[in-house]
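Model, not experiment: these values are computed from the prediction.
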Amino acid sequence: MREDEKYMRRCLELAKLGAGNVAPNPMVGAVIVHNGKIIGEGYHQKYGEAHAEVNAFGSVAFPDLLKESTVYVSLEPCSHYGKTPPCCNLLIEKKVKRVVVGCVDPYAEVSGNGIKAIEEAGIEVAVGVLEKECLELNRRFFTFHTKKRPYVILKWAQSPDGYMDIDRHHKEKGIHWITQAETKILTHQWRHEEAAILVGKNTVATDNPQLSCRAVRGNSPIRIILDPEMRLDYGAFHVGDRSVQTYILSRKKVISNGNLKFIQPKSFEVSDILFALYELNILSVIIEGGKKTLESFIQSGIWDEARVLSGTFPLKTGLKAPEIEGAERTSFLYGKDSVKIIGND
């Protein structure tokens, strides 16, 4: 078992390299071992391209060893034809000796079928090695397929005395930065790892944010703006540019224009907003404001984790940050700022 866990940990390390590039597919890593030595490894690198198992087999210098090898994979090999052929068929074709799977795939078209096909081909299969860690890695994918909604992350920055913005009595515009400049690297990495980023119209009107991950190398998330009555002229804001797919959720029917598309959800209840994103095949969403939008998700109870950053300088007055209850998963310092991750367990 220790040997299996050792190689499954390597699968997880590899799988994480696909973060931000494989959605709506899951992150998957694969390792091929012969007589206690890794002879091949790979991970799912980009949506629509080769899966982890294919890349792992492609890295093997001596294919003749495969018949006496064990293949470790963090998620059950797929058993259906999508953008690529079934990976379970590839494992059977290579006639490997043994397959070790981290966790079962909840996706309806797989869900145990890949494992069943491999076993029926006479290959030994072990399931559930580091299962908890494998499930945690793809919590976005599992939430999407089991709860029929995106994985929801709430994120905001607040001063050490609990304010998320200054007083704007004179309708001041622009972002008031609470955290250090270098913390952008962390928050923009977070953005890259999620399929979409969502804010309310007031955040757009006040801060005119780009909602991109420009501080790191990676794909910027799809932008989602809540504007029920279509109050904003999007030509005047950064989110109105055509560089990133942007969806405006509104009660009014508006003709879409290029990457700027308008969606009419059933209502602006949180569950209906998330169902609209589910229908757009959006696996995860990070909610970045404003306070009213964040609190609507908190009050609904439909969220999965919250990421709260705290700066170093008290504001003493201003807009109070949301209050949230949940289980603290971790906390750490990022430069001078502190970060707390809270789970809705």
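If you chain together hydrophobic residues whose side chains sit under 4.5 Å apart, Phe237 and Leu249 never meet in one group. Transitive grouping of hydrophobic side chains (ILVMFWY, heavy atoms separated by less than 4.5 Å) keeps Tyr278 and Trp303 in distinct clusters. At a threshold of 4.5 Å between side-chain heavy atoms, the hydrophobic network of Ile, Leu, Val, Met, Phe, Trp and Tyr places Leu137 and Leu14 in one connected group. A continuous path of hydrophobic side-chain contacts links Ile197 to Val339 [ILVMFWY only; heavy atoms under 4.5 Å]. Val199 and Trp190 fall within a single hydrophobic cluster, where Ile, Leu, Val, Met, Phe, Trp and Tyr are joined by side-chain heavy atoms under 4.5 Å apart, directly or via other members.
A cation-pi geometry, defined here as NZ or CZ lying under 6.0 Å from the six-membered ring centre and within 45° of its normal, does not hold between Lys266 and Phe275. A cation-pi arrangement, defined by a distance under 6.0 Å to the six-membered ring centre and an angle within 45 degrees of its axis, is present between Lys320 and Tyr163.
Gln189 and Glu193 form a side-chain donor-acceptor contact under 3.5 Å, judged by distance and modelled atom types alone. Looking at Ser296 and Gln299, their side chains never bring a donor and an acceptor atom within 3.5 Å of each other.
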Practice item. Evaluate the criterion salt bridge (Lys or Arg N to Asp or Glu O under 4.0 Å) for residue pair Arg251 and Asp227; output intermediate values, then yes/no. Key: CA-CA 8 Å; Arg251 292 190 180 94; Asp227 190 357; over 6 Å; no
**Study point:** CA sep, side-chain torsions, deciding dist, call: Arg2, Lys6, side chain to side chain contact (heavy atoms under 4.5 Å, CB included)
**Key:** CA-CA 6 Å; Arg2 287 183 180 178; Lys6 170 185 172 182; over 6 Å; no
Point to revise | Worked check of side chain to side chain contact (heavy atoms under 4.5 Å, CB included) between Phe141 and Asp105 | key: CA-CA 9 Å; Phe141 180 76; Asp105 191 337; 3.3 Å; yes
Practice item. Would you please test Leu66 and Val60 for side chain to side chain contact (heavy atoms under 4.5 Å, CB included) and show each step? Key: CA-CA 9 Å; Leu66 291 174; Val60 174; 4.2 Å; yes
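Rounding to the nearest 0.5 Å gives a distance of 4.5 Å between CG of Asp241 and CZ of Arg223. With rounding to the nearest 0.5 angstrom, the CD1 atom of Ile175 is 8.0 Å from the CG atom of Asn208. Atom CG of Asn25 and atom CE of Met27 lie 11.5 Å apart (nearest 0.5 Å). Rounding to the nearest 0.5 angstrom, the gap separating the CG atom in Leu211 from the CD1 atom in Ile222 is 13.0 Å. To the nearest 0.5 Å, atom CZ of residue Phe262 and atom NZ of residue Lys252 are 12.0 Å apart. Rounded to the nearest 0.5 angstrom, Gln158 CD and Lys340 NZ are separated by 8.0 Å.
Across Pro209 and Val204, no two heavy atoms sit closer than the pair CD-CA, 3.8 Å. For the pair Gly20 and Asn219, the tightest heavy-atom approach, listed with the atom from each and the gap, is O-ND2, 3.5 Å. Across Val244 and Pro221, no two heavy atoms sit closer than the pair CG1-O, 3.2 Å. Counting all heavy atoms, side chain and backbone alike, Ile178 lies closest to Ala157 at CD1-O, 3.8 Å. Among all heavy-atom pairs drawn from Arg98 and Ala126, the shortest one is NH2-CB, 4.0 Å. Closest approach of Asn281 to Pro24, counting heavy atoms only: ND2-CG, 3.3 Å.
Judged by distance alone, the side chain of His44 and the main-chain N or O of Ala50 form a donor-acceptor pair under 3.5 Å. For His176 (side chain) and Ile166 (main-chain N/O), no donor-acceptor pair under 3.5 Å exists by modelled atom type. Looking only at distances, a side-chain donor or acceptor of Glu76 sits under 3.5 Å from a matching main-chain atom of Gly114. Judged by distance alone, the side chain of Thr206 and the main-chain N or O of Thr203 form no donor-acceptor pair under 3.5 Å. Side chain of His192 to main chain of Ala19: a donor-acceptor pair is present (N/O by atom type, distance under 3.5 Å, no hydrogens or angles). A donor-acceptor pair is defined here as one N or O able to donate and one able to accept, closer than 3.5 Å; such a pair exists between the side chain of Asp161 and the backbone of Lys316. The closest donor-acceptor contact from the side chain of Asn344 to the backbone of Asp304 lies at 3.5 Å or more, if one exists at all. Remark: the backbone N or O of Asn259 is paired with a side-chain donor or acceptor of Gln245 at under 3.5 angstrom. At distances below 3.5 Å, not a single donor-acceptor pair connects side-chain atoms of Ser74 with backbone N or O atoms of Cys134.
Lys97 has no carboxylate O lying under 4.0 Å from a charged side-chain N of Glu124, or vice versa, which leaves the two without a salt bridge. Taking the charged nitrogens against the carboxylate oxygens, Asp272 and Arg149 have no contact shorter than 4.0 Å, which rules out a salt bridge. Taking the charged nitrogens against the carboxylate oxygens, Glu136 and Arg139 do have a contact shorter than 4.0 Å, which makes a salt bridge. Taking 4.0 Å as the cut-off between side-chain N and carboxylate O, Glu13 and Arg10 count as a salt-bridged pair. Ion pairing between Arg168 and Asp165 holds under the 4.0 Å rule for side-chain N and carboxylate O. Using a cutoff of 4.0 Å between basic side-chain nitrogens and carboxylate oxygens, Arg329 and Asp345 are scored as salt-bridged.
Dense packing is recorded around CZ of Arg242, with more than 12 heavy atoms of other residues, nucleotides or ligands lying under 6.0 Å away. Atom CZ of Phe268 sits in a crowded spot, with more than 12 heavy atoms from other residues, nucleotides or ligands closer than 6.0 Å. More than 12 heavy atoms of other shown residues, nucleotides or ligands fall within 6.0 angstrom of atom CD in Glu229. Other residues, nucleotides and ligands place more than 12 heavy atoms under 6.0 Å from the NZ atom of Lys148. Within 6.0 Å of CZ in Phe332 there are more than 12 heavy atoms belonging to other residues, nucleotides or ligands.
Looking only at side-chain heavy atoms (C-beta outward), Glu288 and Leu198 stay at 4.5 Å or farther from each other. Side-chain contact between Val22 and Tyr43 is absent, with no heavy-atom pair separated by less than 4.5 Å. Put simply, the side chain of Ile153 does not reach to within 4.5 Å of the side chain of Ser284, judged on heavy atoms. In this structure, Phe297 and Thr293 have side chains that are in contact, with non-hydrogen atoms separated by less than 4.5 Å. In this structure, the side chains of Tyr234 and Thr246 stay at 4.5 Å or more apart for every pair of heavy atoms. A 4.5 Å side-chain heavy-atom check between Gln264 and Ser250 finds every atom pair outside the cut-off. A 4.5 Å side-chain heavy-atom check between Cys103 and Phe142 finds at least one atom pair inside the cut-off. Annotation: side chain of Asn55 is not in contact with side chain of Phe57 (no heavy-atom distance under 4.5 Å).
Just one of Val33, Ile39, Val99 meets the side-chain contact (heavy atoms from CB on, under 4.5 Å) condition when paired with Ser69; it is Ile39. Checking Arg140, Glu305, Glu194 one by one against Tyr151, the side chain to side chain donor-acceptor pair (under 3.5 Å) holds for a single residue, Glu305. Just one of Leu232, Leu226, Ile248 meets the side-chain contact (heavy atoms from CB on, under 4.5 Å) condition when paired with Lys201; it is Leu232.
The aromatic rings of Tyr7 and Tyr72 sit tilted relative to each other, their planes meeting at an angle between 30° and 60°.
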